[in-house]
Amino acid sequence: MTGFDLPPIRGFDRSFQPLRPQGPGEPFRSPELQGPQVQSPPDQVSAFEAMLPADVRGGGSADALSGGIVDAIDHVRGLQNDAKDKVRAMVMGEDVELHDVMIAGNKSEVAFNLLLEVRNKLVDAWEKLSRS
């Protein structure tokens, strides 16, 4: 293990089963959607939207997106502060290993670059939506 731990993925369900065809010519079906507790979606809802949680499917999607973005920014800020603290401790002569400082700096850099790319994709999507 390199010590490079990725943040947990929010909303990820470890019990999720991938979609598999039931037989030749059959559509893909999720085991979670086959029980009697699932209601058939209205005609205007796509099959993908029917699999989403109700808070994401409804008007709460903007809140979920903004909450996820705020969490990601806070996580990147924490990684940057951790890297800054380790560099400061090393410069002050405290007992900090050089490889810990380098790993913290690289974690911070990777997380920041990922956040920057997500922002760029969101800006591109907004520009496409505003043009149409």
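Source: prediction; values computed, not measured. We number each residue from 1, following the sequence as shown.
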Exercise for review: State, with a plain yes or no, whether a side-chain heavy atom of Arg119 is found less than 4.5 Å away from one of Leu115.
Suggested key: no
Review point. Do Arg88 and Val91 have side-chain heavy atoms sitting under 4.5 Å apart?
Key: no
Exercise for review: Check Ala83 against Ser108 and note the closest heavy-atom contact, atom names and distance.
Suggested key: CB-CB, 4.3 Å
Exercise for review: Of all the heavy-atom pairs spanning Met90 and Val96, show the shortest one and how long it is.
Suggested key: N-CG2, 4.3 Å
Would you say [Y] ends up clustered with [X] if hydrophobic residues are merged whenever their side chains have heavy atoms under 4.5 Å apart, either directly or through other cluster members?
{"X": "Leu79", "Y": "Met102", "value": "no"}
{"X": "Val110", "Y": "Val101", "value": "no"}
{"X": "Leu98", "Y": "Val87", "value": "yes"}

Using 0.5 Å steps for rounding, measure from the [atom1] atom of [X] to the [atom2] atom of [Y].
{"X": "Trp126", "Y": "Arg131", "atom1": "CH2", "atom2": "CZ", "result": "12.5 Å"}
{"X": "Ile69", "Y": "Asp74", "atom1": "CD1", "atom2": "CG", "result": "12.0 Å"}
{"X": "Lys107", "Y": "Gln80", "atom1": "NZ", "atom2": "CD", "result": "14.0 Å"}

Exercise for review: In sequence, state the C-alpha distance, the side-chain angles, and the governing distance for Asn81 and Arg77, and then conclude on side-chain contact (heavy atoms from CB on, under 4.5 Å).
Suggested key: CA-CA 6 Å; Asn81 289 339; Arg77 185 177 297 131; 3.9 Å; yes
Practice item. List in chain and number order the residues that pass salt bridge (Lys or Arg N to Asp or Glu O under 4.0 Å) with Asp82, two or more places apart in sequence or in another chain; answer none if no residue qualifies. Key: Lys86
